[in-house]
2 protein chains.
Amino acid sequence: MKKNTKCPLRKSLRRILLYRGSLLRLQALGVNRFYSYTLGKETGVSAEQVRKDFSEYRIKGNQRGGYHVDQLISEMEHIFYKKGSQNIIVVGRGNIGSSLANYSNFIQRQINIVATFDIDPSKQRIRSEIPVYTMERLKEIIDRFAVRTAIVAVPEPAAQSVCDQLVEYGVGGIINFAPVILKVPDEVIINNINLSDEIESVIYCVSQACPEES
Amino acid sequence: MKKNTKCPLRKSLRRILLYRGSLLRLQALGVNRFYSYTLGKETGVSAEQVRKDFSEYRIKGNQRGGYHVDQLISEMEHIFYKKGSQNIIVVGRGNIGSSLANYSNFIQRQINIVATFDIDPSKQRIRSEIPVYTMERLKEIIDRFAVRTAIVAVPEPAAQSVCDQLVEYGVGGIINFAPVILKVPDEVIINNINLSDEIESVIYCVSQACPEES
DNA sequence: TAGTTATTGTTATATATTTCACAATATTTT
DNA sequence: AAAATATTGTGAAATATATAACAATAACTA
Ligand SMILES: NC(=O)c1ccc[n+]([C@@H]2O[C@H](COP(=O)([O-])OP(=O)(O)OC[C@H]3O[C@@H](n4cnc5c(N)ncnc54)[C@H](O)[C@@H]3O)[C@@H](O)[C@H]2O)c1
Ligand SMILES: NC(=O)c1ccc[n+]([C@@H]2O[C@H](COP(=O)([O-])OP(=O)(O)OC[C@H]3O[C@@H](n4cnc5c(N)ncnc54)[C@H](O)[C@@H]3O)[C@@H](O)[C@H]2O)c1
């Protein structure tokens, strides 16, 4: 792999996910072979980078023959090492929480939202495929579905306390939409998604005419 | 600034946005002075990194005295160089598009969603603060509000064609939620937000017990 | 006021990431 | 079957990013 001290992957993992997305699309289109530059063009990554990433993950192609779509996809599944789909939960069934709960394509990615939680009784009355529970049932559901990853989609003032509960009940990874940096023990993985920052960085780059990196 | 060949900022710009978020919170709490390690702790960044970033953007503090919250916030506004708030639009008034349109805190960040667009007549009947228009009015609204940045929140199959229209009508930056890498001329800034990837990378790291980078 | 101390600002060092360059080689062509 | 060719795989070089180290100094202390 790499000599990376902390963790054997970073940017490269993100790109593997990116490649997988493209390959799934190519697969659906019936394409069955591709080259590093094909995928590079598709994903906006240089061909060398694609090969380097594949090399890091021990993905082999054939010289002169490129790679096989089906084979690569299954190699990638193997990298992601899924024992079936992953049960996750969403805390906060507001705008973002509901968008996620309504999104039907997660299942293709083996992401399985088993429940959502909200303190607002009116939200708890929502009838949908994915249930809305009170916060009292958080521990029960986490245990029942062996949930290791959760999404935080509550307003900023509530986010840290929700996060603390999740960690207490054994969640090891959190995707956080609240615009606050959550404090967690070192071993807990946090992915902060700050949509305002995402938008603002584009606005900034547009007004400065500078290229964003992917 | 830096010797970065393409653009004078990357990770550092993202962090400046992060710092700003924290400082705005500190400001609201009535805090008026902070140190590199204070902000570092708040944002999960090392104190050295904070100072390095400030240095890159020519932000000065006082030795031994730290930095002033108010002053820093206004210096940051200056970096972002906003001539008042920025008019942006959202194409696709579905789950994500509506979440964005309903979000009341963008205004604090001087992000101003002036209109949304959808092909679905039922969406066009939505009555809300932020209007929903047919795609026919796209050019008119872009021109009227001098829109330079747009958000794409349509299903994947429609995303490229929507993107092409936006570019044709003069939009220079796009935040894209569809899980596809949009093809645009070099000068157009694209920020692809792939929520499946964001979730999946956490799931992966949790199952591998490896730390994510911020 | 002089000495002490905490904190900045920056230079140097270490690490990570990307790009380059090319040898190795499977496939295609003649 | 031999030669030509396109493509991979990877080590070396270039670039970017992060960490460490510390001199400079403003603020504090006595
Ligand atoms: N909607 C956007 O476009 C947008 C953009 C940027 C950031 N965000 C952030 O994402 C988060 C979610 O945004 P949203 O628009 O979905 O908000 P929302 O207000 O629509 O939904 C939040 C939900 O969380 C619930 N909630 C509040 N406190 C709770 C608690 N302690 N435990 C459980 N549930 C609780 C509320 O009842 C509500 O249903 C917020 O932190 C917001 O700042 C959203
Ligand atoms: N909702 C999520 O949690 C989630 C997660 C991951 C990715 N995404 C992606 O984000 C995008 C938006 O997701 P969503 O859940 O809001 O979808 P959605 O189906 O709720 O909304 C899409 C909207 O786009 C409109 N639309 C379709 N074609 C259009 C066109 N050509 N021009 C203008 N409008 C058009 C539809 O009428 C609909 O209102 C999709 O690409 C989706 O794959 C969403």
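In what follows, chains carry the letters A, B, and so on, assigned in the order in which the sequence lines appear, proteins first and then strands, with residues in each chain numbered from 1.
Here the P atom of nucleotide C:dA26 and the NE2 atom of A:H68 are 13 Å apart, to the nearest Å. The separation between B:R51 atom CZ and C:dA6 atom P is 15 Å, rounded to whole Å. Here C:dT17 presents its C1' atom at 13 Å from CD of A:E48, a figure rounded to the nearest Å. Spacing between atom CG of B:D53 and atom C1' of C:dT8 amounts to 14 Å, rounded to whole angstrom units.
Within the 4.0 Å cut-off from OP1 or OP2 of D:dT7, not a single side-chain nitrogen or oxygen of A:K60 is found. Taking only side-chain nitrogens and oxygens, B:S55 never comes nearer than 4.0 Å to OP1 or OP2 of C:dG9. For D:dT8, the OP1/OP2 oxygens have no side-chain nitrogen or oxygen of A:Y35 closer than 4.0 Å.
Atoms CG and CD, on A:N32 and A:Q27 in that order, are 10.0 Å from each other to the nearest 0.5 Å. Within the model, atoms CZ of A:F177 and CG of A:N192 stand 10.5 Å from one another, a figure rounded to the nearest 0.5 Å.
Of all nucleotides listed (C:dG9, C:dT11, C:dT18), C:dT11 comes nearest to the side chain of B:K52.
Within the nucleic acid shown, B:F54 has no heavy atom closer than 4.0 Å to any nucleic acid atom.
In this model, no donor atom of one side chain and acceptor atom of the other lie less than 3.5 Å apart for A:N112 and A:Q86.
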Can B:R14 and A:E198 be said to form a salt bridge (Lys or Arg N to Asp or Glu O under 4.0 Å), step by step? CA-CA 9 Å; B:R14 290 313 192 86; A:E198 297 296 339; 3.1 Å; yes

Which atoms of nucleotides 27-30 of chain C (N or O only) lie under 3.5 Å from a protein N or O atom, and what are those distances?
residue, atom, partner, partner atom, Å
C:dT27, O2, A:R64, NH1, 3.0

